Enquirer: 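There's a structure below that I have some questions on.
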Amino acid sequence: MSVLDLSSVFDFLYALFIYARGFIFGRKCHSTARLNGKTVIVTGGNTGIGKETVLDLASRGAKVILACRDVQKGYEAVMDISEKVIKPNLVVNRLDLASFASIKSFAQDDLENEPYIHILINNAGVAALPKSLTEDGYEMQFGVNHLRHFLLTHLLLDRIKASAPARIINVPSIAHICGHIDLSDINLNSNYSPATAYFRSKLANVLFTRELAKRLKGTGVTTYCLHPGALYTTLSRHIEYSMSKFSGWLYEFCSRLFFKSPMIGAQTTIYCAVEEKLANESGNYYCYDVIHKRFLESIRASPC
């Protein structure tokens, strides 16, 4: 076995350890930082860890924009949060990450109405989809999980830099260690599987975070990516269609039994958004409040 193979095995075992630890332990962000006067955008802010992130940041005084494909569900989330936070400053804007046109419209609206964007949280995502394409012709998981957040970030980047100090947070998962990006087959036409498509989209999130950190050095804008943990959310609701009904049932059963709640899963995102001691750190990978440099080293050692 080559040194590279041994390194890959170690990375996989290390990832399993981090993943398994998420079943047992759940840390809460203890920062008391306030966000009064700050504007935050959270994609997928109407459900799961996105909604829990919105709840927390709104309770800290931030104006939070929920970027949602389903506006009605966005308003339902606002009503729910309003029962827990006194007079939250929340805005719902439509954002369909499967559409370049929708992203451009969302960004234009924000640039016209928001003089500052202090925190951008690229949280929304899809998983375990049967093969499908976005309206612009890209494989759906890569398109939604990476390409659209890439475009959204760049459309808003000048405003974010003008709002510095500011933060950009991408939410991949530990699944990135299994990812491989073949630029000659960007839509996986030769060998598609729901897992392969998901893994490479998460790897792209991490690579994007790292490159942004390099390009934004000295601007006052810092970047972060993270593993939220093993969570019981609706993210894998398509498993029974892309794999089998039994796989969907088994995943649902195990996730209900073992996985963490969205509230616990949101803690790493919240930590990256508010923790003051991270102000001078950028491009790192977090799980809870720990930087996992091993994952970053493995990415440098294993080019796409």
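For the numbers below, each heavy atom of this structure counts, side chains included, while hydrogens, waters and symmetry mates do not. Fair warning: this is a prediction, and the values are worked out from it, not measured in the lab.
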Enquirer: Would you please test Asn123 and Thr269 for side-chain hydrogen bond (donor to acceptor under 3.5 Å, both in side chains) and show each step?
Expert: CA-CA 9 Å; Asn123 164 80; Thr269 302; 5.4 Å; no
Enquirer: Is it true that a side-chain atom of Thr223 and a backbone atom of Ser282 form a donor plus acceptor pair closer than 3.5 Å?
Expert: no
Enquirer: Looking only at atom types and distance, does a side-chain atom of Tyr224 sit under 3.5 Å from a main-chain N or O of Leu278, one as donor and one as acceptor?
Expert: yes
Enquirer: Between Asp96 (side chain only) and Arg69 (backbone N and O only), is there a donor and an acceptor less than 3.5 Å apart?
Expert: no
Enquirer: Looking only at atom types and distance, does a side-chain atom of Glu139 sit under 3.5 Å from a main-chain N or O of Phe142, one as donor and one as acceptor?
Expert: yes
Enquirer: Decide side-chain contact (heavy atoms from CB on, under 4.5 Å) for Lys73 and Leu66; before the verdict, give the C-alpha distance in whole Å, the side-chain angles of both, and the deciding distance to 0.1 Å.
Expert: CA-CA 10 Å; Lys73 290 183 178 179; Leu66 291 75; over 6 Å; no
Enquirer: Would the distance check show the side chain of Thr43 and the main-chain N or O of Ala124 forming a donor-acceptor pair, the cut-off being under 3.5 Å?
Expert: yes
Enquirer: Is the shortest side-chain N to carboxylate O distance from Arg159 to Asp110 below 4.0 Å?
Expert: no
Enquirer: Taking Ser82 for its side chain and Val78 for its backbone only, find out whether a donor-acceptor pair lies under 3.5 Å.
Expert: yes
Enquirer: As an exercise, state the distance from OG of Ser173 to CG of Leu226, rounded to the nearest 0.5 Å.
Expert: 9.5 Å
Enquirer: Can you tell me how far the SG atom of Cys68 sits from the OH atom of Tyr75, to the nearest 0.5 Å?
Expert: 9.5 Å
Enquirer: Going by atom types alone, do Asn145 and Ser201 pair a side-chain donor with an acceptor below 3.5 Å?
Expert: yes
Enquirer: Before giving the answer on side-chain contact (heavy atoms from CB on, under 4.5 Å), spell out for Met140 and Thr134 the whole-Å C-alpha distance, their side-chain angles and the decisive distance to 0.1 Å.
Expert: CA-CA 5 Å; Met140 186 65 76; Thr134 67; 3.7 Å; yes
Enquirer: Say whether Leu111 and Leu95 are linked into one hydrophobic cluster, either directly or through other cluster members, by side-chain heavy-atom distances under 4.5 angstrom.
Expert: yes
Enquirer: When the ring planes of Phe100 and Tyr138 are compared, do they come out parallel, tilted or perpendicular, using 30° and 60° as the limits?
Expert: perpendicular
Enquirer: Atom OG1 of Thr53 and atom CD of Gln267: how far apart are they, to the nearest 0.5 Å?
Expert: 8.0 Å
Enquirer: Less than 4.0 angstrom from a charged side-chain N to a carboxylate O is my criterion; do Lys28 and Asp56 meet it?
Expert: no
Enquirer: Quickly, which of Leu157, Ile160, Thr222 forms a side-chain contact (heavy atoms from CB on, under 4.5 Å) with Leu216? Name it, please.
Expert: Leu157
Enquirer: Look up atom CD in Gln141 and atom OG1 in Thr196, then write down how far apart they are to the nearest 0.5 Å.
Expert: 9.5 Å
Enquirer: Assess the residue pair Phe106 and Ile65 against the criterion (side-chain contact (heavy atoms from CB on, under 4.5 Å)); give the C-alpha distance rounded to whole Å, side-chain angles, the decisive distance to 0.1 Å, and a yes or no.
Expert: CA-CA 11 Å; Phe106 174 87; Ile65 299 169; 4.3 Å; yes
Enquirer: Can you tell me how far the CG atom of Asp136 sits from the CG atom of Leu147, to the nearest 0.5 Å?
Expert: 9.5 Å
Enquirer: Could you check whether any side-chain N or O of His227 sits under 3.5 Å from a backbone N or O of Cys287, counting only pairs where one atom can act as donor and the other as acceptor?
Expert: no
Enquirer: Let me see the working for Ile41 and Glu114 under side-chain contact (heavy atoms from CB on, under 4.5 Å), right down to the final yes or no.
Expert: CA-CA 11 Å; Ile41 297 174; Glu114 304 299 334; over 6 Å; no
Enquirer: Distance-only, no hydrogens or angles: does the Ser163 side chain make a donor-acceptor pair with backbone N or O of Ala166 under 3.5 Å?
Expert: no
Enquirer: Please tell me whether Leu183 and Leu133 are part of a single hydrophobic cluster in this structure, the criterion being side-chain heavy atoms less than 4.5 Å apart.
Expert: no
Enquirer: Does one hydrophobic cluster hold both Phe150 and Ile186, with members joined at side-chain heavy-atom distances below 4.5 Å?
Expert: yes
Enquirer: Going by side-chain contact (heavy atoms from CB on, under 4.5 Å), Leu207 matches just one of Asn205, Thr209, Leu203. Which one?
Expert: Leu203
Enquirer: Nearest 0.5 Å please: distance from the OG atom of Ser105 over to the CG atom of Leu155.
Expert: 11.0 Å
Enquirer: Which of parallel (below 30°), tilted (30 to 60°) and perpendicular (above 60°) describes His146 and Phe208?
Expert: perpendicular
Enquirer: Would you say the side-chain atoms of Asp109 pair up with the backbone N or O of Arg94, donor to acceptor, closer than 3.5 Å?
Expert: no
Enquirer: Between Pro228 and Thr268, is any pair of side-chain heavy atoms under 4.5 Å apart?
Expert: no
Enquirer: Quick one: does any side-chain atom of Glu275 pair with a main-chain N or O of Ser31 as donor and acceptor, under 3.5 Å?
Expert: no
